[in-house]
Participant: 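One structure follows; several queries about it will come next.
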Amino acid sequence: MGESVEWGLHCCVTLGWLADRGPVSIRRLAAWFDLPQEYLKKRLQPLARAGILGSSPGVHGGWSLARSPDEITVMDVVTALEGAVEPFRCAEIRRRGVGARGAGPEFDRPCGVTTVMRRAELAWRRELAAHTIAELMASPESAERTRRNYERMIASVVE
């Protein structure tokens, strides 16, 4: 998984905490995390295409959650940013080389390695789908610190 997943999740949580402040400009969001502005913007665009984030143009525009935080799962964010790619790709190496000679019907079904890896992937997906952005926002201390620091940032930086 790439760093864009971490960035996307933290941006979603932060935008959730700042929802009552209106859209957050890409400049402020990038400065918030000390990230490259253009690169962050490219990382957020798939979240907008997936209906997780919304962006509005103009002087008072910026990024915001497009849905309620309790309707956005961690898996939604991961899928939007990483795609539906399977983490494990079976290349069927058991069918190659000397080990494949004389194989019988056992090659008609998935091997134990593939079976275990698919089960693990399914458990991973279920776990990510079971958690929402709202859950990640549950820390009142972090929410208050974010709001307080955001107000300070706005007061000290003129766009």
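What you see is a predicted model, and the numbers here were worked out from it, not measured in a lab. What you see below is based on every heavy atom in this structure, not just the backbone, and it leaves out hydrogens, waters and symmetry mates.
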Participant: Can you measure from OG1 (Thr146) to CE (Met153) and round to the nearest 0.5 angstrom?
Facilitator: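 That separation rounds to 10.5 Å.
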Participant: State yes or no: do Met137 and Phe33 share one hydrophobic cluster built from I, L, V, M, F, W and Y residues joined by side-chain heavy-atom distances below 4.5 Å, directly or via other members?
Facilitator: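 Met137 and Phe33: one cluster.
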Participant: Checking the side chain of Glu106 only, and the main-chain atoms of Gly104 only, is there a donor and an acceptor separated by less than 3.5 Å?
Facilitator: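 Flag set: sc Glu106 to bb Gly104 pair under 3.5 Å.
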Participant: Check the hydrophobic clustering (I, L, V, M, F, W, Y; side-chain heavy atoms under 4.5 Å; chains of links allowed) and say if Leu15 and Ile154 are grouped together.
Facilitator: yes
Participant: When rounded to the nearest 0.5 angstrom, what is the spacing between CD in Glu127 and CG in Leu122?
Facilitator: 12.0 Å
Participant: Is any side-chain heavy atom of Met117 closer than 4.5 Å to one of Thr114?
Facilitator: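 SC-SC contact between Thr114 and Met117 ruled out.
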Participant: Can you give me every donor-acceptor pair (side chain of residues 60-76, partner residue at least two apart or in another chain, under 3.5 Å) with its distance?
Facilitator:
unit_1: Arg67; atom_1: NH1; unit_2: Gly51; atom_2: O; d: 3.4
unit_1: Arg67; atom_1: NH2; unit_2: Glu71; atom_2: O; d: 3.2
unit_1: Arg67; atom_1: NH2; unit_2: Asp76; atom_2: OD2; d: 3.1
unit_1: Ser68; atom_1: OG; unit_2: Asp70; atom_2: OD1; d: 2.2
unit_1: Thr73; atom_1: OG1; unit_2: Met75; atom_2: N; d: 3.4
unit_1: Thr73; atom_1: OG1; unit_2: Asp76; atom_2: N; d: 2.9
unit_1: Thr73; atom_1: OG1; unit_2: Asp76; atom_2: OD1; d: 3.2
unit_1: Thr73; atom_1: OG1; unit_2: Asp76; atom_2: OD2; d: 3.2
unit_1: Asp76; atom_1: OD2; unit_2: Thr73; atom_2: N; d: 2.9

Participant: Is it the case that the side chain of Arg147 and the backbone of Trp17 share a donor-acceptor pair, with hydrogens and angles ignored and the cut-off at 3.5 Å?
Facilitator: yes
Participant: Applying side-chain contact (heavy atoms from CB on, under 4.5 Å), run through Leu81 and Trp7 and close with a yes or a no.
Facilitator: CA-CA 10 Å; Leu81 293 168; Trp7 294 14; over 6 Å; no
Participant: So, Glu151 and Arg21, do they make that salt bridge, N to O below 4.0 Å?
Facilitator: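 Result for this pair is yes, salt bridge flagged.
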Participant: Is there a side-chain contact between Glu92 and Phe107 (heavy atoms, below 4.5 Å)?
Facilitator: no
Participant: With heavy-atom distances below 4.5 Å as the criterion, would you say the side chains of Leu136 and His131 are in contact?
Facilitator: no
Participant: List the atom of Ala130, the atom of Glu135, and the distance in Å for their closest heavy-atom pair.
Facilitator: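 Here Ala130 and Glu135 meet closest at O-OE2, 3.2 Å.
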Participant: Could you please spell out the steps behind the side-chain contact (heavy atoms from CB on, under 4.5 Å) verdict for Phe88 and Val113?
Facilitator: CA-CA 10 Å; Phe88 176 75; Val113 172; 4.0 Å; yes
Participant: Is it true that Glu121 and Arg119 have a side-chain N and a carboxylate O under 4.0 angstrom from each other?
Facilitator: no
Participant: Could you pull out the closest heavy-atom pair between Leu47 and Cys12, with the gap in Å?
Facilitator: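 Here Leu47 and Cys12 meet closest at CD1-SG, 4.3 Å.
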Participant: Report yes if some heavy atom in the side chain of Thr79 is under 4.5 Å from a heavy atom in the side chain of Leu128; otherwise report no.
Facilitator: no
Participant: Going by side-chain hydrogen bond (donor to acceptor under 3.5 Å, both in side chains), name the pairs with one or both residues in residues 30-43, residues two or more places apart or in two chains.
Facilitator: none
Participant: Start with the C-alpha gap between Cys11 and Val24, add the side-chain angles, then the distance that decides, and say whether side-chain contact (heavy atoms from CB on, under 4.5 Å) holds.
Facilitator: CA-CA 10 Å; Cys11 285; Val24 177; over 6 Å; no
